[in-house]
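Here's the structure we're looking at; comments come further down.
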Amino acid sequence: MSTSNTPASRLKIRTRSRRTSSVGRIDLGDTVTSIGTMPTTRESRNASQQRLKKLAELSKNDIDLMKKIWLSFREVNYRHAWVSPLVIMIIVYSAYFTSGNLTESNPLHMFVSISYQIGDTEMYGKGIKDLAFVAYYMIFFTFFREFLLDVVIRPLPKLLNVGSKHKSKRIMEQTFYIVYYSLSSPFGLYIMYHSDLWFFKTTPLYTTYPDINIPYLFKIFYLGQASFWAQQACVLVLQLEKPRKDNNEMIFHHIVTLLLIWSSYVFHFTKMGLAIYVSMDISDWFLSLSKDFNYLDSPYTAVVFFTFVVVWAYLRHYVNIKILWSVLTEFRSVGNYTLNFATQQYKCWISLPIVFTLIGALQAVQLLWFFLILRVLYRIVRSSVYEDIRSASDSDDEDSLGTDEDSSATTSPAQSVPPRIITPPNQKTLKKQK
């Protein structure tokens, strides 16, 4: 019997593909996928094809021509998600700046600029018009994000010779966050430096309470951050993308964050909100940077990731727990501690447990994420292999299939050979061969 017909030659050999990196793909933190990088559905693609067919038809009259203009706009907006918010912004800005009235008496002023200036000073009060500002700049951040991704950042993966389509999208998303946090973090630090909070002092959080009026830049930063977080929450809640494995934690995190933003602003705990804003922005900058380094298979990935872990532990836990501890120790003893609606004094026995619960809930979610971070760190230190500890959350992604194209694992010589699983032939096969 020839060698090719031997039972050994019929042995079925299966190989197990290598795990992918978890440093770049670990789904934690506050980042939400953009609209432009989300996978398109079959329904949206079919709708696009139907629009193109209608556009190819001849226009018989003016009504058909108007329909084509509308279909063209919808098709362009389908391909470029930033077009609609840009049109809205152009209309509002044009109407405002050509009106000749740039004061608060103009109804559009509440949308494009902050309201409630105190005389001719740099101090501003608070009111219902601030909601209009937040709503309008939610549109602005939708445009800003989608335009950067579609026009400015899109060529970056190609310039960096990234071949994987999935990696390219993830690099684009994380690069946007690097850009955004590169702007918001220095802005927040600048405001903190020119206040009595530097560097994350807790006593000034209560000394001047209630901070009913706040400076111009402080208010712009605070409401701008509220717009950014609200825009992210809308994308998350609308379920425009397949939910992550920790989708419930993400939704809970955003709900708590928005509650903190609203309550701290309305009840004048804005200094506390500023400190939390800054601590989150800086740590998220390092998170996005570590992901980008990982997707690029950079030899500095481990160094950047270790730096991120240190920054995250200090800002998200030490600083925030320090603030949480101050609620227990300084909330009552520093500044006024009374309930007075007439003077807007809300630092009292009612607000204390509410503030503590909200910050504590935020810290609980971040501790869960920190546990996942430490698992990745442990595996890096233990085996120098970036193993995917949460592959189930991305099972439909290209790199979750275990392809070498999207793998950036660093393996030892012993691990570079994929393990073999040898399945012996069954008894019927052996009898036939005999």
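Just so it is clear, the values below take in all heavy atoms, side chains as well, and ignore hydrogens, waters and symmetry mates.
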On the 0 to 90° scale, with breaks at 30° and 60°, tag the [X]-[Y] ring pair as parallel, tilted or perpendicular.
X      : Y      : answer
Tyr216 : Tyr124 : tilted
Phe267 : Tyr346 : perpendicular
Tyr137 : Phe133 : tilted
Phe97  : Tyr93  : parallel

- Looking at Phe331, is Lys347 sitting on its ring face, NZ or CZ under 6.0 Å from the six-membered ring centre and within 45 degrees of the normal? yes
Using a 4.5 Å cut-off on heavy atoms from C-beta on, say whether the side chain of [Y] contacts that of [X].
X      : Y      : value
Phe293 : Val303 : no
Phe306 : Ile380 : yes
Leu374 : Phe370 : yes
Glu330 : Thr203 : yes
Ile373 : Phe308 : yes
Leu362 : His253 : yes
Lys291 : Tyr177 : no
Leu217 : Phe187 : yes

- Query: Can you list the residues that meet the side chain to side chain donor-acceptor pair (under 3.5 Å) rule with Ser195, with sequence neighbours excluded?
  - Reply: none
Working to the nearest 0.5 angstrom, can you tell me the gap between [X] [atom1] and [Y] [atom2]?
X      : Y      : atom1 : atom2 : answer
Lys167 : Asn294 : NZ    : CG    : 7.5 Å
Thr257 : Leu358 : OG1   : CG    : 9.5 Å
Lys271 : Asp196 : NZ    : CG    : 3.5 Å
Asn213 : Thr121 : CG    : OG1   : 7.5 Å
Leu108 : Tyr136 : CG    : OH    : 9.0 Å
His317 : Gln363 : NE2   : CD    : 5.5 Å

Do [X] and [Y] make the cut of ring centroids closer than 6.0 angstrom?
X      : Y      : result
Phe147 : Trp82  : yes
Tyr277 : Phe221 : yes
Phe269 : Tyr209 : yes

Verify the neighbour count for atom [atom1] of [X]: are there more than 12 heavy atoms of other residues, nucleotides or ligands below 6.0 Å?
X      : atom1 : answer
Phe371 : CZ    : no
Ile128 : CD1   : no
Trp70  : CH2   : no

- Message: Whether Lys169 and Glu173 form a salt bridge (side-chain N of Lys/Arg under 4.0 Å from carboxylate O of Asp/Glu) is what I want to check.
- Response: no
- Message: With a 4.0 Å cut-off on N to O distance, would you call Asp211 and Lys126 a salt bridge?
- Response: no
- Between Tyr222 and Ser264, a side-chain donor and acceptor under 3.5 Å: yes
- Between Asn106 and Ser99, does any side-chain donor sit less than 3.5 Å from a side-chain acceptor? yes
- Full working for side chain to side chain contact (heavy atoms under 4.5 Å, CB included) between Val256 and Val365: CA-CA 10 Å; Val256 172; Val365 178; over 6 Å; no
Check for a donor-acceptor pair, side chain of [X] on one end and backbone N or O of [Y] on the other, with a separation under 3.5 Å.
X      : Y      : result
Asp130 : Gly127 : yes
Glu104 : Gln117 : yes
Thr142 : Met138 : yes

- Task: Tell me, with the steps shown, if Asn320 and Ser279 meet side-chain hydrogen bond (donor to acceptor under 3.5 Å, both in side chains).
- Result: CA-CA 8 Å; Asn320 280 270; Ser279 67; 3.2 Å; yes
Identify each donor-acceptor pair in which a side-chain atom of residues 321-328 lies under 3.5 Å from a protein atom, sequence neighbours left out, and give them as a table.
from	atom 1	to	atom 2	distance (Å)
Lys322	NZ	Phe200	O	3.4
Ser326	OG	Tyr206	OH	2.7
Ser326	OG	Ile323	O	2.6

